[in-house]
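Just follow the structure's listing: the first ligand is 1, and inside any ligand the first atom is 1. When a residue number appears, it is its place in the shown sequence, counting from 1.
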Amino acid sequence: FCQSLLQVIFPPELRFACLKFFNRVFHLFSSYCYFDITEIDGVNTNELYNAVQLYLSSSVSINGSRLSLTRALNSSAITFGLSNNDCIVDTFNGVTVLWEHVVTQRQAQTFSWRPLPEEKRGFTLRIKKRDKSLILDAYLDYVMEKANEIRRKNQERFLYTNSRGGSLDSRGHPWESVPFKHPSTFDTLAMDPVKKEEIMDDLKDFANGQSFYQKTGRAWKRGYLLYGPPGTGKSSMIAAMANYLSYDIYDLELTEVHNNSELRKLLMKTSSKSIIVIEDIDCSINLTNRKKNNNNPGARNYYDSEMRSGSGSGSGCGEDGGNSITLSGLLNFTDGLWSCCGSERIFVFTTNHIEKLDPALLRSGRMDMHIYMSYCSYPALKILLKNYLGYEEGDLDDDVLKELAEVVDKAEMTPADISEVLIKNRRYKQKAVSELLELLKTRAERNLKSGSLREKNSVDIDDEEQEKRALESPKEGSEFEEHCKKEEEDEEKMK
Ligand SMILES: Nc1ncnc2c1ncn2[C@@H]1O[C@H](COP(=O)(O)OP(=O)(O)OP(=O)(O)O)[C@@H](O)[C@H]1O
Ligand SMILES: [Mg+2]
């Protein structure tokens, strides 16, 4: 009776209005403001909700008494989250904020274009009114950025290739992908530790250099040229770079690209935080024979004028059977205005023959760092012995180490050759070392006899010299550049 009396005196409309009024008064005098971030915003999923959830997963420690655990599809990690109606305090720029995870049952399903979950989930952010203008925007940006970082770390990364030869998939994507699982890291990479450290620092500086690139007006990208004999770890280095920075890899098969505009489209479809790789660049484009009457009809010649234009050759029919990609197109790809559609990209070219590359590719500013992957040196050998046999610094006899140090440079063996010997005998460590020593000695002797012996220093100098020569050979710019200039002049005349 009382209940129905109350309902008569206070009909629901009146009660609702009262509640609203008290709520208003409360908020007027409260020193806090509240922001609701609901999981579903209208009909769309609210990206910010997912970001907040991920971000809080990095701050919610395992100490919490009740946490929700999730593992997303394709993810390699479990993330912790706030349980229903739990709170967590966070600080940003010295300001404290409170996050609450609010979960309520959804009212009887109203009409919707798509079925909604039974629970209504959202985060409420509480900030002191006086702090709101100070941090809100910057804080939310920070949350989004952190969430992306976590997502990238947890997410399996991908290796993309353009092996379909220009055709698109059902989503209009020219790249095919597989999960990237290469185990190579900078720890497993056998090379001079000082050089390795230098490369790792360079990569970290690049990845953390957003403000630097902005300040200096440079596109946020970096180019590495890896050169050296086969089996010295160029591909392994690329995998290590990707694993170190948690980047995706786009393995660009130039022979599958028909013209420059296709190359540009491929570039536009790459995501940021990725490494774009062109392996064996000297084989992909004919950089040796610079004359038109080249002996190798299958290879592409970037001096051919129709090929250089790229844009006009939509059909992609050059005299070389459909490929009209050019060096200028390639340089535009890495250097031109298109190269910065998106950001945080690393270009890596590899070659076994640096001397075959056009100086236009080597000139400073094109490829920021030239990395020579050398035959196995003594410090690199120590890394291989540690990785394959578990030998630490003091585990091996001093005499054996001395002998190894003496012959390893003279033997000119690649880390790939040496790891073969070690893998074969990995269960018999001593046998592995003695067999390796024998092989190194034989190779060193053979090299001595065949007269190809070079001291380590002169090896380095030779390669550097080779590079220098390649850079210096054209006094007035490369043949390629002169050719371009001449063509421009011809065009002017035609006009
Ligand atoms: N520096 C290195 N450190 C560790 N392992 C190496 C190194 N170099 C080569 N290897 C081993 O040898 C194999 C071949 O190496 P990789 O494919 O990286 O050589 P590459 O320089 O890319 O050769 P290519 O010029 O033929 O492409 C790899 O599986 C790797 O395990
Ligand atoms: Mg390789």
Side-chain angles (χ1 to χ4, degrees), residues 159-161 163 178 180-200 202-203 223-244 247 249-255 275-285 287-288 346-357 361 367 369-392 404 408-409 411-426 432-433 436 439-440 443 456 459-460 463 466-467:
L159 170 64
Y160 296 87
T161 68
S163 54
V178 287
F180 176 68
K181 298 215 170 159
H182 202 296
S184 171
T185 62
F186 276 106
D187 285 336
T188 62
L189 202 63
M191 66 184 290
D192 180 26
V194 179
K195 211 151 101 184
K196 196 193 283 188
E197 199 66 35
E198 199 185 314
I199 297 164
M200 288 166 79
D202 195 76
L203 287 169
Y224 296 91
L225 175 73
L226 308 183
Y227 65 102
T232 47
K234 296 179 291 299
S235 304
S236 311
M237 161 78 87
I238 296 170
M241 284 174 161
N243 286 331
Y244 184 57
Y247 280 14
I249 295 188
Y250 287 86
D251 189 5
L252 181 68
E253 188 59 61
L254 271 188
T255 45
I275 302 183
I276 299 167
V277 179
I278 303 181
E279 290 249 42
D280 299 317
I281 179 99
D282 52 305
C283 305
S284 312
I285 292 188
L287 301 171
T288 39
I346 292 179
F347 290 93
V348 183
F349 292 173
T350 73
T351 178
N352 295 333
H353 302 283
I354 194 164
E355 73 284 355
K356 287 189 188 173
L357 299 186
L361 255 178
M367 290 282 118
M369 211 172 175
H370 295 184
I371 303 166
Y372 174 56
M373 302 299 288
S374 62
Y375 287 116
C376 195
S377 62
Y378 181 58
L381 178 64
K382 282 201 285 193
I383 295 173
L384 287 178
L385 288 173
K386 182 171 167 235
N387 290 342
Y388 285 82
L389 305 179
Y391 278 129
E392 292 290 343
L404 285 172
V408 69
D409 285 334
E412 291 191 345
M413 276 177 76
T414 62
D417 291 339
I418 291 180
S419 43
E420 271 311 301
V421 179
L422 299 181
I423 287 178
K424 202 174 68 188
N425 299 306
R426 70 180 184 281
V433 176
L436 178 66
L439 187 63
L440 286 171
R443 289 285 181 94
K456 182 186 176 300
V459 169
D460 287 348
D463 279 289
Q466 233 173 36
E467 201 183 323

Identify which of [options] has a heavy atom lying nearest to [atom].
atom: atom 30 (C) of ligand 1; options: S377, A239, S236, A240; result: S236
atom: atom 13 (C) of ligand 1; options: A416, S419, C376; result: A416
atom: atom 4 (C) of ligand 1; options: T185, D187, T414, T188; result: T188
atom: atom 26 (O) of ligand 1; options: P229, P230, S374; result: P230
atom: atom 1 (N) of ligand 1; options: A380, A190, P183; result: A190

> If waters are left out, how many protein N/O/S atoms lie within less than 2.8 Å of the Mg ion (ligand 2)?
Replying inline: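 Those protein atoms number 1 in total.
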
Could you check [atom] against the protein and tell me its nearest heavy-atom contact, residue, atom and distance included?
atom: atom 19 (O) of ligand 1; value: G233 N, 3.4 Å
atom: atom 31 (O) of ligand 1; value: Y388 OH, 4.0 Å
atom: atom 23 (O) of ligand 1; value: G231 N, 2.9 Å
atom: atom 27 (O) of ligand 1; value: S235 OG, 4.0 Å
atom: atom 25 (O) of ligand 1; value: K234 NZ, 2.8 Å
atom: atom 7 (C) of ligand 1; value: P415 CB, 3.4 Å

>> So, applying side-chain contact (heavy atoms from CB on, under 4.5 Å) with T351, which one of I281, L361, D280 is it?
In response: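 Between T351 and the candidates, side-chain contact (heavy atoms from CB on, under 4.5 Å) is satisfied uniquely by I281.
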
>> Tell me if the NZ atom of K386 is crowded by more than 12 foreign heavy atoms within 6.0 Å.
In response: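 No, not enclosed.
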
> Take atom CD in E420; do more than 12 heavy atoms of anything else shown fall under 6.0 Å from it?
Replying inline: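 Open.
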
Supply the atom-to-atom distance [X] [atom1] to [Y] [atom2], rounded to the nearest 0.5 angstrom.
X: I278; Y: D251; atom1: CD1; atom2: CG; answer: 9.5 Å
X: Y244; Y: I275; atom1: OH; atom2: CD1; answer: 12.0 Å
X: I249; Y: H182; atom1: CD1; atom2: NE2; answer: 8.5 Å
X: N352; Y: T350; atom1: CG; atom2: OG1; answer: 7.0 Å

Please give me the minimum heavy-atom distance between [X] and [Y], naming the atom from each residue.
X: L203; Y: M241; answer: CD1-CG, 3.7 Å
X: M373; Y: P229; answer: O-CD, 3.4 Å
X: C376; Y: D409; answer: O-OD1, 3.9 Å

> If you measure every N/O of D280 against every N/O of ligand 1, is any gap under 3.5 Å?
Replying inline: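 Between D280 and ligand 1 (N or O atoms, distance only) the closest approach is not under 3.5 Å.
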
> Within a distance of under 4.0 Å, is there any protein heavy atom near atom 17 (O) of ligand 1?
Replying inline: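 Under the 4.0 Å cut-off, atom 17 (O) of ligand 1 does have protein heavy-atom neighbours.
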
>> Suppose I only count heavy atoms of L189 and a 4.0 Å limit; which atoms of ligand 1 are within that range?
In response: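 Matching atoms, with element in brackets: 3 (N).
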
> Short list, please: which atoms of ligand 1 are under 4.0 Å from a heavy atom of N352?
Replying inline: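 Under 4.0 Å from N352, ligand 1 has these atoms: 25 (O).
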
> Got T414 and D417 here, is their nearest side-chain heavy-atom distance under 4.5 Å?
Replying inline: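 Side chain of T414 against side chain of D417, heavy atoms only: contact under 4.5 Å found.
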
>> For Y372 together with Y227, are the ring centres under 6.0 Å from each other?
In response: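 Between Y372 and Y227, which both carry aromatic rings, the centre distance is below 6.0 Å.
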
> So, S419 side chain and P415 main chain: donor-acceptor pair closer than 3.5 Å or not?
Replying inline: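 A pair under 3.5 Å: yes.
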
